[in-house]
Amino acid sequence: MFILKRVGCVGSIMVPQCTSLFVGNFSACHCLSSTKRHSPYSSVDIERYSSLVKAVMSSKVSSQTPENLQEEDEHIYGPVVKAQNPSSRSEVRVPKNLHPFLNCEETVETEEAESGPPARILLNRGKYRSPVPSVTRILQQTLSREQIFYLERWKRKMIAQLGEEGFQEYSQNLFRQGKLFHSTVEDTLISDATSMDKESSEKAEYQPDVQGYMESISHVLADVSAVRATESTVQHAELNYLGIMDCVARYRGVLCLIDWKTSEKPKPFLSNTFDNPIQVAAYAGALNSDGNYKYQVENGLIIVAYKDGSPAHAHQLSSELMLKYWSTWLLRLENFTEQSTSQASSSFVEKR
């Protein structure tokens with residue numbers, strides 16, 4: 001037993017001092033004593049390890065040269081592919097026929113839409129199929145290898161989950177819902193264009209299959225005005241293609257060619273819409289050259305609606321973007337023409 005008198009300081013450690021404790025004995029305290037660490041290599045067989053080092057050092061590694069190493073790498077990994085110099089890389093492909101997007105003889109109309117219902121020019125299918133290819137057909141037959149790969153992978157995945165018959169039923173339901181959605185949007189736009197009371201359409205009840213989609217685009221419809229055309233055929237006589245555009249109207253005051261899309265997954269970015277911008281540019285280019293329409297369209301709009309009613313994404317295509325996708329469309333059109341010519345030549349040779 002000892003009596004504390006005062007607190008002394010040893011280094012940075014505060015310790016109590018007493019008559020029976022000496023500073024010299026403090027360093028022997030168990031709490032500050034450190035046990036000797038043993039090296040993990042202390043149990044290694046030194047003689048055996050040294051013989052291993054000698055065996056490695058006496059091999060032919062030391063006699064290898066950079067040339068030998070390159071030959072060995074090429075044998076194991078294949079030949080080295082060297083990157084091309086920027087000057088030797090292939091240039092970005094441009095269309096052979098840079099057909100103008102706008103009709104130079106027409107001026108871009110800035111006036112409000114004429115009175116009356118929107119235009120709706122039906123496609124004259126006739127008894128036989130039209131020899132003029134559609135925009136959809138051209139895009140489908142000129143998909144890139146990467147697009148085809150992902151499309152086939154998605155199809156195989158869905159068949160694995162639903163089976164062949166289940167996948168067929170799933171595809172038919174998607175087509176039916178999409179068609180019903182487009183017709184409902186068309187009816188809504190026409191009723192808005194002919195009715196002064198726009199609130200009546202906002203309160204309308206829709207069929208259950210499209211109720212969520214219409215709720216999804218409700219905030220977009222509020223910004224759509226001056227509808228010029230709905231579900232109307234456009235044809236480019238010079239470039240020989242046609243299509244049925246969804247809508248031409250003003251969106252927040254800007255005249256746009258509008259394309260309505262449905263999706264089960266969110267598509268918040270324009271890049272998520274795949275070939276849709278090319279399709280919009282193709283329709284607009286055809287409209288601008290079609291004599292049935294007395295105005296020009298420079299801008300586009302892609303609306304992606306969701307069945308669960310979540311707000312649709314509206315992707316605007318400025319006039320600059322439309323020109324970019326128009327150039328891409330001209331390339332796809334050239335590819336389609338080359339494929340058709342090649343197939344016609346092959347079938348002619350087979351008949352001979």
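A donor-acceptor pair is defined here as one N or O able to donate and one able to accept, closer than 3.5 Å; such a pair exists between the side chain of Asn288 and the backbone of Val297. Using modelled atom types, no side-chain atom of Gln296 and backbone atom of Leu102 make a donor-acceptor pair closer than 3.5 Å. With Thr233 contributing its side chain and Leu123 its backbone, the two residues share a donor-acceptor pair below 3.5 Å. Between the side chain of Tyr306 and the main chain of Lys267, a donor-acceptor pair closer than 3.5 Å is present. The backbone N or O of Ala305 sits nowhere less than 3.5 Å from a side-chain atom of Ser216 that would complete a donor-acceptor pair. No donor-acceptor pair closer than 3.5 Å links the side chain of Thr273 to the backbone N or O of Asn276. Side-chain atoms of Gln235 do not come within 3.5 Å of backbone N or O of Gly243 as any donor-acceptor pair.
Proximity of Val224 to Leu189: side-chain heavy atoms (C-beta onward) are separated by under 4.5 Å at one or more points. Taking 4.5 Å as the limit, every side-chain heavy atom of Asp290 sits out of range of all side-chain heavy atoms of His236. Between Trp260 and Phe181 there is a side-chain heavy-atom pair separated by less than 4.5 Å. Considering only heavy atoms from C-beta on, Leu239 comes within 4.5 Å of Leu333 through its side chain. Residues Gln177 and Thr262 form no side-chain contact, since every pair of their non-hydrogen atoms from C-beta on lies 4.5 Å or further apart. With contacts defined as side-chain heavy-atom distances shorter than 4.5 Å, the pair Pro95/Ser327 qualifies. Residues Met245 and Glu231 are not in side-chain contact: their nearest non-hydrogen atoms beyond the backbone lie 4.5 Å or more apart. Here the side chains of Glu186 and His182 are not in contact, with every heavy-atom distance at 4.5 Å or above.
Atom-to-atom distance recorded for Leu317:CG and Leu323:CG is 11.0 Å, nearest 0.5 angstrom. Cys247 contributes atom SG, which lies 8.0 Å from atom CG of Leu257 (distance to the nearest 0.5 angstrom). Atom CG of Asn240 sits about 9.0 Å away from atom CZ of Phe336, to the nearest 0.5 Å. Interatomic distance, Leu301 CG to Ser318 OG, rounded to the nearest 0.5 Å: 12.0 Å. In this structure, the separation between OH on Tyr206 and CD on Glu215 is 10.5 Å, given to the nearest 0.5 Å. Distance check: Thr184 OG1 to Lys179 NZ gives 12.0 Å after rounding to the nearest 0.5 Å.
Taking the centre of each ring, Phe269 and His315 stay at or above the 6.0 Å mark. Taking the six-membered ring for Trp and the full ring otherwise, the centers of Tyr241 and Trp329 sit less than 6.0 Å from each other.
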For residues 157-169, run the donor-acceptor check on the side chains, cut-off 3.5 Å, and write out each pair with its distance to 0.1 Å, sequence neighbours left out.
none

### Message
Show, in sequence, the C-alpha distance, side-chain angles and deciding distance for Gln279 and Thr136, and conclude whether the side-chain contact (heavy atoms from CB on, under 4.5 Å) test is met.
### Response
CA-CA 8 Å; Gln279 184 180 28; Thr136 303; 3.9 Å; yes
### Task
I would like to know whether Asp275 and Arg332 meet salt bridge (Lys or Arg N to Asp or Glu O under 4.0 Å); could you show each step before the answer?
CA-CA 11 Å; Asp275 283 347; Arg332 298 284 286 268; 3.0 Å; yes
### Task
Start with the C-alpha distance between Asp209 and Lys307, add both sets of side-chain angles, then the distance that settles salt bridge (Lys or Arg N to Asp or Glu O under 4.0 Å), and finish with yes or no.
CA-CA 8 Å; Asp209 286 345; Lys307 191 173 183 177; 5.3 Å; no
### Query
Checking side-chain contact (heavy atoms from CB on, under 4.5 Å) for the pair His219/Ile217: CA distance, chi angles, key distance, verdict?
CA-CA 6 Å; His219 70 288; Ile217 66 171; 5.9 Å; no
### Message
Between Thr188 and Leu221, is the side-chain contact (heavy atoms from CB on, under 4.5 Å) condition met? List the steps.
### Response
CA-CA 9 Å; Thr188 303; Leu221 292 176; 4.2 Å; yes
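For the residue pair Leu287 and Tyr295, the shortest heavy atom distance occurs at CD2-O, 3.8 Å. The two residues Ile302 and Leu270 have their closest heavy-atom pair at CD1-CD1, 4.2 Å. Taking both residues in full, the closest heavy atoms of Pro118 and Val227 are given as CG-CG1, 3.7 Å, listed atom of the first, atom of the second, then distance. Considering every non-hydrogen atom in both Ile258 and Asp246, the closest pair reads O-CB, 3.3 Å. Nearest approach of Glu298 to Met322, heavy atoms of both residues: O-CG, 3.2 Å. The minimum heavy-atom distance linking Ala229 with Tyr293 is given by the pair CB-CE2, 4.5 Å.
Within a 6.0 Å sphere centred on NZ of Lys324, other residues, nucleotides and ligands contribute 12 heavy atoms or fewer. Residue-environment remark: CD (Glu338) exceeds the threshold of 12 foreign heavy atoms within 6.0 Å.
Leu331 is not connected to Val135 by any chain of hydrophobic side-chain contacts under 4.5 Å among Ile, Leu, Val, Met, Phe, Trp and Tyr, and they are in different clusters. In terms of hydrophobic clustering, with Ile, Leu, Val, Met, Phe, Trp and Tyr side chains grouped at heavy-atom distances under 4.5 Å, Ile121 and Leu255 are assigned to a common cluster. Residues Leu321 and Ile278 share a hydrophobic cluster, clusters being chains of Ile/Leu/Val/Met/Phe/Trp/Tyr side chains in contact below 4.5 Å. Hydrophobic clustering (side-chain heavy atoms under 4.5 Å, transitive across Ile, Leu, Val, Met, Phe, Trp, Tyr) keeps Leu143 apart from Ile138. Residues Phe274 and Tyr325 do not share a hydrophobic cluster, defined by chaining ILVMFWY side chains whose heavy atoms lie under 4.5 Å apart.
Classified by interplanar angle (parallel below 30°, tilted 30° to 60°, perpendicular above 60°), the ring pair Tyr170/Trp154 is tilted.
Remark: Arg145 engages no residue in a side-chain contact (heavy atoms from CB on, under 4.5 Å) (not counting sequence neighbours).
Ion pairing between a basic and an acidic side chain is recognised when a charged N comes within 4.0 Å of a carboxylate O; Arg250 and Asp223 show no such pairing.
Ser144 and Glu146 form no side-chain donor-acceptor contact under 3.5 Å, judged by distance and modelled atom types alone.
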